[in-house]
Amino acid sequence: MSAHAKTYDSAPAVLPSSKAGTGHNFKRLLPFLVLLALAVALPALGNTYWTVIATRAAIYWVLVSGLNLIVGYAGQLAIGYVALLTVGAYTASVLVNGNVSEPWEPYAALTAAGALGGVVGLVVGLPALRLRTFYFAMTTLGFATIVTQIALAWESVTGGGIGVPGPAMPAPFDSDQGLYYLCLGFAALATLLTANIAHSRFGRGLITIRDAEVAAEAFGISKAKLLAAVFVFAGVLAGIAGGLFSSLQTYITPEAFTFELSVLFFISILIGGRSSILGPLLGTVILTILPEVAAPLAAWSNFLYALLLLVIVLAIPGGIASMLDFEGRRPLPGNRRIQPDLNAVREILAEVPRDGQISLDNLHLSFGGVKAIDGLSMRINGGEVHGLIGPNGSGKTTTLNVISGYYQPQQGSITEHGERLPLGRPLDRAARGFARTYQTPRIVGDTSVLKNVMAGGYASAQGSFMEALFRLGRHHADERRLHDLAFAAVRAVGLAQVAHVRADRLQHSELRFLELARALMLQPKYLLLDEPAAGLTGDEIKRLGEIIKEISRCGTAVLLVEHHADLIFDICDHVTVLNLGAVLASGTPQEIRTHKEVVSAYLGA
């Protein structure tokens with residue numbers, strides 16, 4: 001990998017200047033710096049009431065910042081997160097009051113609240129690995145109800161319905177203003193940490209799981225491991241928020257942790273916008289202040305939240321974040337063309353071994369009584385483009401899915417140089433040098449082309465979640481290498497001029513090339529292409545063929561599923577024809593062109 005990093009560092013035409021990068025980072029930080037300056041200056045107004053409201057907003061944001069990674073980035077509907085606030089608040093209060101042991105110091109109790117919040121956060125999040133959308137949302141709501149009932153029933157520890165005093169922070173945080181600055185400090189730290197994750201490979205992994213889960217597996221993104229880490233981190237923040245909340249309230253009862261709080265946390269993210277830190281932050285501040293400025297309507301708070309959400313969904317589907325995305329609304333050049341750079345292809349694949357070889361031996365796969373693959377045997381060699389054609393329903397995409405590990409055949413094997421590949425394990429494929437594209441482009445629409453492509457290199461990075469959280473160790477090297485490699489990849493497929501454009505603003509043909517660029521991030525030994533020319537013009541198909549052929553010349557074994565016969569016969573070294581899941585014919589393009597059964601069953605007269 002280091003050799004590749006040097007190769008890309010030596011291509012200055014691809015990379016933005018350091019001054020441009022610094023300017024972009026400052027522009028991104030400016031809104032947060034302005035908000036922080038305003039927050040720091042707020043107590044100078046001398047209004048204690050608004051200082052308390054701002055303290056509450058800061059506490060809520062500590063929780064919402066972590067929840068945002070779960071809901072806004074990973075797309076998991078965790079509605080009942082007030083349960084984590086409850087756990088943190090009672091943990092800190094019970095420990096400080098000595099209800100289960102000798103009284104703890106407030107800071108130690110706050111630390112324990114965060115630790116227990118992390119454990120409970122993982123427990124709450126585990127169902128997300130099996131449940132989807134509505135069902136997971138109901139699970140989190142049910143957990144919130146269980147926590148409230150425990151607080152009511154465990155009178156000897158929690159005080160039951162009477163409650164328990166919250167911890168009093170020592171000086172200099174024992175006043176309204178002192179507590180405010182303490183909570184503001186935690187809010188600033190939570191913002192920094194969640195932004196570190198959001199702008200790392202783990203943040204890109206989360207949004208890929210959200211919008212393209214099948215593709216995420218192909219990149220080596222483990223949903224279970226990544227979500228577990230994020231649920232623990234979000235739980236720690238929620239537990240700390242609960243401990244701070246108990247100090248602000250001074251006395252807590254189960255009635256303090258209402259369903260309305262869960263609604264506030266969840267809607268703050270929805271109106272803030274997905275894949276954003278600033279949007280949900282502003283959403284949290286707005287929803288915290290709203291009941292105060294509309295005090296006579298306090299009883300209608302849920303109605304107001306629902307109305308605000310409805311307005312946002314109908315008028316601004318992207319939320320507050322889309323309103324603030326001025327750069328993303330700039331018009332794109334209408335006459336842009338895809339101009340591949342084959343030199344960049346060679347740079348990316350310079351170290352790909354040329355001895356790749358996979359063999360499919362007597363594969364059988366049935367879905368019920370339907371035989372999708374019937375005794376398929378085939379060999380794919382490095383440095384060659386192997387075409388796989390046949391009528392619709394002949395088993396072409398199913399074959400790719402078996403090779404990729406999505407499907408496990410009932411019989412047969414896949415070997416690489418005689419070594420059996422594990423079947424039905426898609427997460428293993430990226431590390432073995434397998435990359436692929438899909439019939440329908442699986443992209444993340446609300447993020448840039450460059451970040452979509454960078455997501456493809458997830459498995460090749462070495463830094464841990466903790467290193468990304470604190471921007472330490474291998475994290476910086478990973479990000480530099482992935483950034484440079486992604487720029488080389490978008491240049492290779494001809495998308496350099498739209499590298500920083502949101503992917504959902506691209507034309508269909510550009511999305512096809514984007515997927516190919518993302519596959520190149522793995523510097524693949526084996527490349528599986530599923531109808532990459534679908535929807536392309538004749539000129540674009542020609543350029544696509546040039547890229548694919550160059551990839552094979554670099555040593556990569558390419559398996560191409562395609563309906564455009566001209567492309568198959570122009571660039572393939574070998575062609576296999578399937579019909580009803582079985583091999584109808586196999587040979588050179590010229591042999592297939594003149595094969596009577598192929599002409600009759602597929603190519604036509």
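Just so you know, these numbers use all the heavy atoms, side chains as well, and skip hydrogens, waters and symmetry mates. This structure is a prediction, so every number in the text was calculated from the model and none was measured.
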Measuring only between side-chain heavy atoms, which start at C-beta, is [X] closer than 4.5 Å to [Y]?
X	Y	value
Thr139	Pro127	yes
Phe231	Ile70	yes
Arg337	Gln497	no
Ser460	Leu482	yes
Cys554	Val352	no
Leu349	Pro524	yes
Gln439	Thr397	yes
Arg518	Asn452	yes

Does the pair Leu365 and Gln410 meet the rule for a side-chain contact (heavy atoms from CB on, under 4.5 Å), with working shown? CA-CA 6 Å; Leu365 176 63; Gln410 287 89 18; 3.7 Å; yes
Mark yes or no for whether [X], through its side chain, and [Y], through its backbone, hold a donor-acceptor pair below 3.5 Å.
X	Y	answer
Arg512	Ala534	yes
Ser377	Asn362	yes
Lys396	Gly390	yes
Asn68	Ile269	no
Asp573	Val385	yes
His574	Arg379	no
Arg201	Tyr458	yes
Gln76	Ala78	no
Thr140	Ile79	yes
Thr556	Val558	no

What's the separation between atom [atom1] in [X] and atom [atom2] in [Y], rounded to the nearest 0.5 Å?
X	Y	atom1	atom2	answer
Leu342	Arg553	CG	CZ	8.0 Å
Thr437	Phe513	OG1	CZ	11.5 Å
His364	Lys371	NE2	NZ	7.5 Å
His199	Ile277	NE2	CD1	6.5 Å
Ile207	Phe202	CD1	CZ	14.0 Å
Ile403	Ile358	CD1	CD1	5.0 Å

Evaluation steps, side-chain contact (heavy atoms from CB on, under 4.5 Å), between Ser200 and His475: CA-CA 8 Å; Ser200 72; His475 167 74; 3.7 Å; yes
For [X], is the [atom1] atom crowded, meaning more than 12 foreign heavy atoms sit under 6.0 Å from it?
X	atom1	result
Glu419	CD	no
Leu423	CG	yes
Met138	CE	yes

Pair Glu546-Lys549, salt bridge (charged side-chain N to carboxylate O under 4.0 Å, His left out): steps then yes or no: CA-CA 5 Å; Glu546 292 171 353; Lys549 194 62 183 175; over 6 Å; no
Please give me the minimum heavy-atom distance between [X] and [Y], naming the atom from each residue.
X	Y	answer
Ala430	Ala218	CB-O, 3.4 Å
Leu77	Phe134	CD1-N, 4.3 Å
Val490	Ala499	CG2-CB, 4.3 Å
Asn196	Leu469	ND2-O, 2.8 Å
Ser394	Pro391	OG-O, 2.7 Å
Gly445	Asp211	N-OD2, 4.3 Å

Just jot down the ring pair (Phe, Tyr, Trp, His ring centres under 6.0 Å) partners of Tyr526, sequence neighbours excluded, or say none. Phe434
Return the set of residues passing side-chain contact (heavy atoms from CB on, under 4.5 Å) with Ala486 (not counting sequence neighbours), or none when no residue passes. Leu450, Val453, Met454, Met521
Residue list, side-chain contact (heavy atoms from CB on, under 4.5 Å) with Glu510, at least two apart or on another chain: Arg336, Ile338, Leu495, Leu506, Gln507
Candidate list Arg210, Arg502, Lys451, test side-chain hydrogen bond (donor to acceptor under 3.5 Å, both in side chains), partner Asp446, passing option: Arg210
Testing Glu467, Glu479, Gln462 for side-chain hydrogen bond (donor to acceptor under 3.5 Å, both in side chains) with Arg474, which one passes? Glu467
Glu384 and His386: side-chain donor and acceptor closer than 3.5 Å? no
Only one of Asp530, Thr576, Leu360, Leu528 clears side-chain contact (heavy atoms from CB on, under 4.5 Å) with Leu559; which? Leu528
Which residue is it: Leu388, Leu578, Asp361, Val402? I am looking for the one with a side-chain contact (heavy atoms from CB on, under 4.5 Å) to Leu376. Leu578
Could you check whether His500 and Phe487 have their ring centres less than 6.0 Å apart? yes
Aromatic ring centroids of Tyr407 and Phe367 under 6.0 Å? yes
Begin with the C-alpha distance, continue with both residues' side-chain angles, and end with the deciding distance and a verdict on salt bridge (charged side-chain N to carboxylate O under 4.0 Å, His left out) for Arg543 and Asp539. CA-CA 6 Å; Arg543 295 176 186 277; Asp539 183 59; 3.1 Å; yes
Given Glu351 and Gln523, is the side-chain contact (heavy atoms from CB on, under 4.5 Å) satisfied, shown in steps? CA-CA 8 Å; Glu351 295 184 0; Gln523 297 166 291; over 6 Å; no
Would Arg346 and Glu550 satisfy salt bridge (charged side-chain N to carboxylate O under 4.0 Å, His left out), going step by step from the backbone distance to the final call? CA-CA 8 Å; Arg346 289 189 284 272; Glu550 190 61 41; 3.0 Å; yes
Any chance you could lay out the side-chain contact (heavy atoms from CB on, under 4.5 Å) test for Asp374 and Leu580, step after step, and finish with the verdict? CA-CA 8 Å; Asp374 187 12; Leu580 299 178; over 6 Å; no
In terms of the angle between their ring planes, are Tyr438 and Tyr406 parallel, tilted or perpendicular, with boundaries placed at 30° and 60°? tilted
